[in-house]
Structures are given as C-alpha cells and as structure tokens.
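Here's the structure, in structure tokens; my notes come after.
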Protein chains: 2
Amino acid sequence: MPKRVDHAQRRTEIAEALVRVAARRGLHAVGMRDVAAEAGVSLRLVQYYFETKEKLLLFGLQHLTERFGERVAARVRAAGSSPGPRAVIEALLMAALPTDDESRTFHFLYTSYAVLSVTDEALAAQPFIANPDAAEDTLTGLLRQAQEADLTGPGIDARDEAVSLLAMSAGLGTSILVGQRSPESATAILNLHLNRIFRVG
Amino acid sequence: MPKRVDHAQRRTEIAEALVRVAARRGLHAVGMRDVAAEAGVSLRLVQYYFETKEKLLLFGLQHLTERFGERVAARVRAAGSSPGPRAVIEALLMAALPTDDESRTFHFLYTSYAVLSVTDEALAAQPFIANPDAAEDTLTGLLRQAQEADLTGPGIDARDEAVSLLAMSAGLGTSILVGQRSPESATAILNLHLNRIFRVG
DNA sequence: ATTTTTATGGTACGGTCGTATCACAATCGC
DNA sequence: GCGATTGTGATACGACCGTACCATAAAAAT
C-alpha cells in the first residue's frame, strides 16, 4: 500500500475543499467530482475517505462548526487579557456576523445546512442543533456575571436578553448575507441594545 | 385550439403545486416531474406554461410572497376595526412567525430562496429583496405613529426599533423552524420588547 | 522475497433531471 | 367546412450524479 497517510488530515483537507466549493456555488450544487477537483484528488479518493456523500456532508458541517468555534474563541481572547463581560459579549456577537469572507462563508453554509435539516432527518439528528443552545447558555452566563458586578441596568432578565441578542444577530446576519444591510449598520443595532442592557459608564 | 383555458389561473395552480412539494421535500429536491404529478398534469404542461424550470421557480417565489402578503394583511385587518399601532405591529410580527403550516411553509421556502439567491444571480436580481425593505418602512411608520400619539417610552428611535424587531422576528422564526424554540417563547420575547418600546398602560 | 494490506486511479452502471421533439386533439376565425 | 392556432400527451436525448467495480502501486509484515 502507499505511503501510510494521515487519514484525519486527509479528511480535513477534503472537507475544506467541500467548504470552498460550496461557498462558491452553493451547498445544493456541490458534487463529489467538484470536491475531488477542488481538493486536487481523484473522485475515487473522496469515496475512499468518505464512503458516501451524506457522510461527507455531515463531516463538512462538523468541521465547519469546529473551525468557526475556534475562530470565535480566538476573537474573545483577543478582546483583552482580562476583558469585562461586555467586551466578551461584543466579541461574541460581532464574530457571529458575516463581515468578512470566512464568517460570511460560515453563515452562508450554516444557514444552508439548517434549511436542509428541515427536510433531511439525518441532518436534523445532528448535534448542530446543540451549538446554538450552547451559545445561548454562554451568553446568559456572561450577562448574569455582568449583573452580579452591577454593570447592568434595571429590569433585565439575562436569558431573555441572551435569546434576543442571538436572534437579532442571526436575523441581521442573514440580512447582511443577502446584501440588504451593511455590517456597520448591523453592529450599530447590536451596540444599541448592549447600551440599553449595560449601564452607561 | 383546445378549450381556451385561463393561463393565469393554470400557472397559479402549478405554482401552488410547486410550493406544496417544495414544502414537503425541500426546494432543492423539487423537479418538474414532481410538480407535474402534484398538480395532476403532465410534464409537458408544466413546460408549456413555464418554459424553463428557472421561470417556474421565480414565479413560485412571486406567488409565495403575494399569498403571504395577503395573509398578513388579513391578520392586520382582523386585529380590530380601529386598532392601535401596537395591535397592528403585534399582528404583523406574529404573522411573520412560523406558527402554523402555512406560515411555516412560507418561512421555510422564503429562507430557501434567500439562501439560493446568494449564489444564483437570477434570484438575487429578483425584487424579493424589496419586500423586507417595505416591511421595515411600514413598521417604522407605525412606530412613528405611536410616538406621535405619545404611546411610546423615551429614547426610542423608530427605525432602529423597526430593524431590531424584524431581525429578531426573522431570527426567532428560524429557531422555531429548526425546532430549537417554541412559538410561545418566541412571541414572549417579541412582546417583551414591545412592552419596552410602548409605555405601560 | 513473498504475502498481505492500504492507498489510489480509472471507468462503467443505473438513475434522474431538464429540455426538446413529434404527434394529435380541439376550437376559433373565416 | 377548413386552415390556422392553441392546448395536451408521450417519449426521446444528452448530461450529470452517486456509487460500484476492477486494477495496481507501494509499504508493512512475515
């Protein structure tokens, strides 16, 4: 057999090829041959590492969310060595908006997968539904932290605000994606609500 | 020639067949043969009334938005003979949430089209981008009305709140669609923000 | 050195899809 | 009544797609 290759890395390379071609032509239009060509391998190789297209798509989603999670974490770390809750929340929400190529690709493909999951039960069963819940919990926790530090205004329910902010972020993100709204106006709206939640200071 | 049939109505029937099958199996999976079978006509007929699949899809989107616009208008009318701005806004926002089969289908297919429009320029050129702008203008106008009637709290910018409410409604709608959130919790969140915008009384 | 296992390439098969073609029925204008 | 026009059916074509099959090169195991 040939040069004992690292399967995990090979699968990652192919998955990233999938992401690239899907970002370019749409998830519905991607075929195994396209992925193979984009990755610079033969069709047979794609079949070898992912037996079926469905498995390739599932792994692609998994890889996409992992990579994006790392990116968000990096953004949060970059928000300062000991950032306040508001800075962390801002970093979180802004990272989720499709403002550059990478976040745009993520938002686009994630939404594509979400739409597919409505009619595809294999996708619906995927833990890709768990991620938004995790984001909601994280954001709720940060808001509670801010409340305990007396940084917030009165009459604020942490979970309600977390849900609101995430829903708004998702809605604004889609607006940006389809070209209806600019990233700047979207961040302005989010900051407006953060100013409402956090005490001025 | 044969029994002089009403073309407009025939096209509507076929478009509704398209909507039904797309709602069942996903927009990406719908073929001309499926539409023909669902409408109870031959494949040739679908080709006759819409020369190409692209034209069928475009007309389907147009029909979908028209039907939904009528539905929202009906809901608003049903909100009372002389409803206050808040009642109208509530009716608007609630009608946009996927709470029953019809609104669910609309939200699902509209999002599907939106995702497609990112990579399909024929769809991107469609006025289906104009509709959200119209909704934003309408909602902004209603909020201004409320402000003039002194129904709102202080520090409210009508357009900003309109954008926020619509983004939230869209984001919450998607959450409902993928089964992550219940319609009840979504309406609760929206009402929370309406309570914030409108003075209590 | 030979066998066995892993990796890779090439290619063919069956199905489906959008579209085009051919045929014909039914009705209106004349 | 007749030719022109419009509606409808059946079917064929070419392209693609996912998958399966066959071959083989190369390294590890013996």
Side-chain angles (χ1 to χ4, degrees), chain A residues 1-61 109 112-113 116 119-123, chain B residues 1-61 109 112-113 116 119-123:
Chain A
M1 43 181 79
K3 54 250 173 155
R4 223 32 176 295
V5 106
D6 183 349
H7 270 221
Q9 183 193 337
R10 195 72 117 165
R11 283 167 62 91
T12 297
E13 284 168 13
I14 295 178
E16 292 192 339
L18 160 68
V19 167
R20 281 195 302 275
V21 58
R24 211 180 311 131
R25 302 218 288 272
L27 190 59
H28 68 285
V30 56
M32 314 226 72
R33 286 166 177 85
D34 306 294
V35 175
E38 176 77 25
V41 300
S42 73
L43 169 61
R44 180 64 182 86
L45 258 277
V46 180
Q47 286 188 260
Y48 180 69
Y49 287 101
F50 306 90
E51 281 119 63
T52 175
K53 184 187 183 181
E54 184 173 62
K55 291 180 184 172
L56 169 60
L57 287 179
L58 290 182
F59 185 82
L61 171 59
L109 293 186
S112 300
Y113 274 112
L116 276 190
T119 48
D120 185 324
E121 56 183 41
L123 268 174
Chain B
M1 41 175 81
K3 55 249 174 153
R4 225 37 178 297
V5 108
D6 184 348
H7 270 221
Q9 182 192 337
R10 195 74 116 160
R11 283 166 62 90
T12 297
E13 285 168 12
I14 295 178
E16 291 192 339
L18 160 68
V19 167
R20 281 196 302 274
V21 57
R24 211 181 310 132
R25 302 217 289 271
L27 190 58
H28 67 285
V30 56
M32 314 228 71
R33 287 166 176 84
D34 306 294
V35 175
E38 175 77 26
V41 300
S42 73
L43 169 61
R44 180 66 182 85
L45 258 278
V46 180
Q47 288 189 259
Y48 180 70
Y49 287 101
F50 305 90
E51 281 118 66
T52 175
K53 184 187 183 181
E54 183 173 63
K55 290 181 185 172
L56 170 59
L57 287 179
L58 290 181
F59 185 82
L61 170 59
L109 294 186
S112 300
Y113 274 112
L116 276 191
T119 48
D120 185 324
E121 56 183 42
L123 269 174

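Numbers restart at 1 for each chain; the letters A, B, ... are given by sequence-line order, proteins then strands.
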Query raised in the report: Are the side chain of B/R25 and the backbone of B/V30 linked by a donor-acceptor contact shorter than 3.5 Å?
Result: no
Requested in this report: Nearest 0.5 Å please: distance from the OH atom of B/Y48 over to the NE2 atom of B/H7.
Outcome: 4.5 Å
Report task. Mind listing the residues from residues 22-33 of chain B sitting with a heavy atom below 4.0 Å of DNA chain C? Number order is fine. Result -> B/V30, B/G31, B/M32, B/R33
Query - Between D/dG18 (P) and A/K55 (NZ): distance, integer Å - result: 16 Å
**Report entry** Between C/dT19 (C1') and B/E51 (CD): distance, integer Å
**Finding:** 12 Å
Report task. Starting from C1' on C/dG18, measure out to CD on B/E54 and report it in whole angstrom. Result -> 12 Å
Report task. Would you kindly give the CD-to-P distance between B/Q47 and D/dA12, to the nearest whole Å? Result -> 15 Å
**Report entry** Spacing between A/D6 atom CG and C/dA7 atom P, to the nearest angstrom
**Finding:** 10 Å
Query - Presence of A/H7 side-chain N/O under 4.0 Å of C/dA7 phosphate oxygens OP1/OP2 - result: yes
Requested in this report: Find which nucleotide of DNA chain D each of A/T52 and B/L43 is nearest to by heavy atoms, and output the residue with the more 5' nucleotide.
Outcome: B/L43
Query raised in the report: What's the NZ-P distance between A/K53 and C/dT16, to the nearest Å?
Result: 15 Å
Query raised in the report: Phosphate oxygens OP1/OP2 of D/dG7: is one of them under 4.0 Å from a side-chain N or O of B/Y48?
Result: yes
Requested in this report: Drop me the distance from B/E54's CD to B/F59's CZ, to the nearest 0.5 angstrom.
Outcome: 15.5 Å
Query raised in the report: When you measure from the side chain of B/Y113 to the backbone N and O of B/L57, does any donor-acceptor pair fall under 3.5 Å?
Result: yes
Query raised in the report: Picking from A/V19, A/V21, A/V41, A/L43, what satisfies side chain to side chain contact (heavy atoms under 4.5 Å, CB included) with A/V35?
Result: A/V21
Report summary line: Separation between CE (A/M32) and CG (A/L18), nearest 0.5 Å, reads 8.5 Å
Query raised in the report: Between CG of A/L45 and CD of A/E13, what distance do you get to the nearest 0.5 Å?
Result: 10.5 Å
Write out a two-atom table: protein N or O, nucleotide N or O from nucleotides 22-24 of chain C, distance below 3.5 Å.
none

Report summary line: Output for pair (A/K53 NZ, A/L56 CG), nearest 0.5 Å, gives 8.5 Å
Report task. Examine C/dA7: is either OP1 or OP2 under 4.0 Å from a nitrogen or oxygen in the side chain of A/Y49? Give yes or no. Result -> no
**Report entry** Inter-residue atom distance B/R20.CZ - B/E16.CD, 0.5 Å rounding
**Finding:** 6.5 Å
Query raised in the report: Could you state the CG-C1' distance from B/D34 to C/dT16, rounded to the nearest angstrom?
Result: 10 Å
Report task. Quick one: label A/F50 by what it contacts on the DNA or RNA (base, sugar-phosphate, nothing), any heavy atom closer than 4.0 Å. Result -> nothing
Report task. Starting at atom CG of B/L45, determine the distance to atom P of D/dT11, rounded to an integer number of angstrom. Result -> 16 Å
